Amino acid sequence: MSAPGTDEIVVEHLTKQYKRLRAVDDLSFRVRSGRVTGFLGPNGAGKTTTLRMLLGLVTPTAGVATFGDKKYIDLPDPVREVGAVLEASSANRGRTGRNHLRMICRAAGLPDTRADEVLEIVGLTPAANRKFKGYSLGMKQRLGIGAALLGDPRVLILDEPANGLDPEGIRWMRDLLKALATEGRTVLVSSHLLGEMQLLADDVVIVAAGKLIRQGPVDQVLGDGSGSVQVRVRTPQAELLTTALAEIAATVTPTTDGALLVHGAEAAAVGHAAFTAGVELHELVVERGDLEQVFLQLTAGKAGIR
């Protein structure tokens, strides 16, 4: 393995044992800078425990979790290097959103003006002077993301950041995180919203029962999933095409709408088989399975921690 970049997240042989419960089991992965990485797994997979170990909130039983080659506790200025949201923002109920962020700025040695800059980034400027007790869950999520961005960190870690956000808010968050990654930052997002992760993430790390199940670019993981890629064809000569495709070891499944789903052959091979057999095609498209389908295949029977 090559030496990690200073902004990369590196997890090596990470293990956490709670008496008889092993929450994380010899887990290793790397999160690259300039990309959004989705951290996925069933309930109880060990995701939050892993993030807490990464941020120095839980002590590993074995292994290490670092930013580049430094543990969080050893970072010289962590506020300016790593921003994190592990749950919806909490604050004094009677304090305004602006004052909440200003308090954090003062504790971190940041100018008060940074609070206003961040409020604008997360879309809370109109609610800056509203008290926290009047914030919706979605507004609290935005405020938490704003707090994580105060130090303009190179690494951002978010645990279920879309909780409480409406569709417009989720799209806003997607655009924000993609923009941050485009700037070269490292973005790690844990989420159960698999459809959103397919739109947001460049890479995914999938865990179950505390172990790594799969890691890689989203397109690669989708392509590796059993049955995740298929060719949909429509023809008035279905029986003739089915016979032709059997000769190239492809399997054909009829659908209720009259199409044929072909597995085991690329689109070009399906088209060639149809041409050779003199079959007229009305439709030929490649359908890639979604992340939810592949996720369920990869984690089937592995949801519980040991």
Side-chain angles (χ1 to χ4, degrees), residues 29 35-45 47 160 162 165-168 170-171 173-175 178 189-209 211-304:
F29 62 87
R35 299 174 72 82
V36 177
T37 298
F39 191 32
L40 312 177
N43 288 334
K47 302 187 302 299
E160 300 290 351
L165 295 180
D166 59 18
E168 180 182 355
I170 290 174
R171 182 172 183 176
M173 183 193 68
R174 183 197 315 149
D175 292 343
K178 281 182 170 290
V189 183
S190 171
S191 178
H192 284 98
L193 301 179
L194 300 179
E196 175 57 28
M197 280 295 99
Q198 188 166 346
L199 295 174
L200 170 64
D202 302 297
D203 304 314
V204 291
V205 175
I206 301 176
V207 296
K211 289 181 172 291
L212 180 68
I213 301 300
R214 186 69 56 86
Q215 176 181 16
V218 171
D219 288 347
Q220 178 182 315
V221 171
L222 290 177
D224 289 347
S226 174
S228 62
V229 178
Q230 62 191 10
V231 179
R232 172 183 287 269
V233 293
R234 196 178 298 276
T235 173
Q237 300 165 285
E239 291 186 9
L240 184 57
L241 179 59
T242 300
T243 300
L245 291 173
E247 294 178 0
I248 61 171
T251 58
V252 178
T253 304
T255 68
T256 56
D257 64 357
L260 301 176
L261 299 182
V262 183
H263 296 88
E266 299 289 338
V270 174
H272 180 72
F275 176 78
T276 302
V279 173
E280 176 184 350
L281 294 183
H282 293 175
E283 179 184 23
L284 190 154
V285 295
V286 177
E287 294 184 340
R288 187 175 294 275
D290 61 24
L291 187 57
E292 180 177 6
Q293 174 190 358
V294 175
F295 173 85
L296 293 173
Q297 291 170 350
L298 293 173
T299 60
K302 303 174 183 176

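Scope of the values below: all heavy atoms of this structure, side chains included, with no hydrogens, waters or symmetry mates. Source: prediction; values computed, not measured.
Residue V231 comes nearest to E266 through the heavy atom pair CG2-C, 4.2 Å, listed as atom of the first residue, atom of the second, then distance. Across L291 and L194, no two heavy atoms sit closer than the pair CD2-O, 3.7 Å. Here the closest heavy-atom approach between residue V218 and residue A201 is recorded as CG2-O, 3.4 Å. Across all their heavy atoms, V294 and V221 have their closest contact at CG1-O, 3.8 Å. Closest non-hydrogen pair, R35 versus P217, comes out as NH2-CB, 4.3 Å. Scanning both residues, I248 and A269, for their nearest heavy atoms gives CD1-O, 4.1 Å.
With contacts defined as side-chain heavy-atom distances shorter than 4.5 Å, the pair N43/H192 qualifies. Side-chain contact between L281 and L241 is present, with heavy atoms from C-beta onward closer than 4.5 Å. Counting only heavy atoms from C-beta outward, the side chains of M197 and L40 approach each other to under 4.5 Å. Side-chain atoms of D257 and R234, non-hydrogen and from C-beta on, do get closer than 4.5 Å to each other. The shortest side-chain heavy-atom distance between R232 and T255 falls under the 4.5 Å cut-off.
Side-chain atoms of E292 do not come within 3.5 Å of backbone N or O of G195 as any donor-acceptor pair. Put simply, the side chain of K47 never gets that close to the backbone of F39: no donor and acceptor are under 3.5 Å apart. A donor-acceptor pair under 3.5 Å links the side-chain atoms of Q237 to the main chain of E280, judged by distance alone.
Going from atom CE of M173 over to atom CG of D175 covers 10.0 Å, rounded to the nearest 0.5 Å. Rounding to the nearest 0.5 Å places CG of L193 at 6.5 Å from CD of E160. Atoms CG and CZ, on L165 and R171 in that order, are 14.5 Å from each other to the nearest 0.5 Å. Separating the NE2 atom in H272 from the OG1 atom in T276 is a distance of 3.5 Å, to the nearest 0.5 Å. To the nearest 0.5 Å, atom CD of residue E283 and atom CG of residue L260 are 10.0 Å apart. Atom CG of D202 and atom CG of D219 lie 9.5 Å apart (nearest 0.5 Å).
None of V204, L298, V207 except one satisfies the side chain to side chain contact (heavy atoms under 4.5 Å, CB included) rule with R214; the exception is L298.
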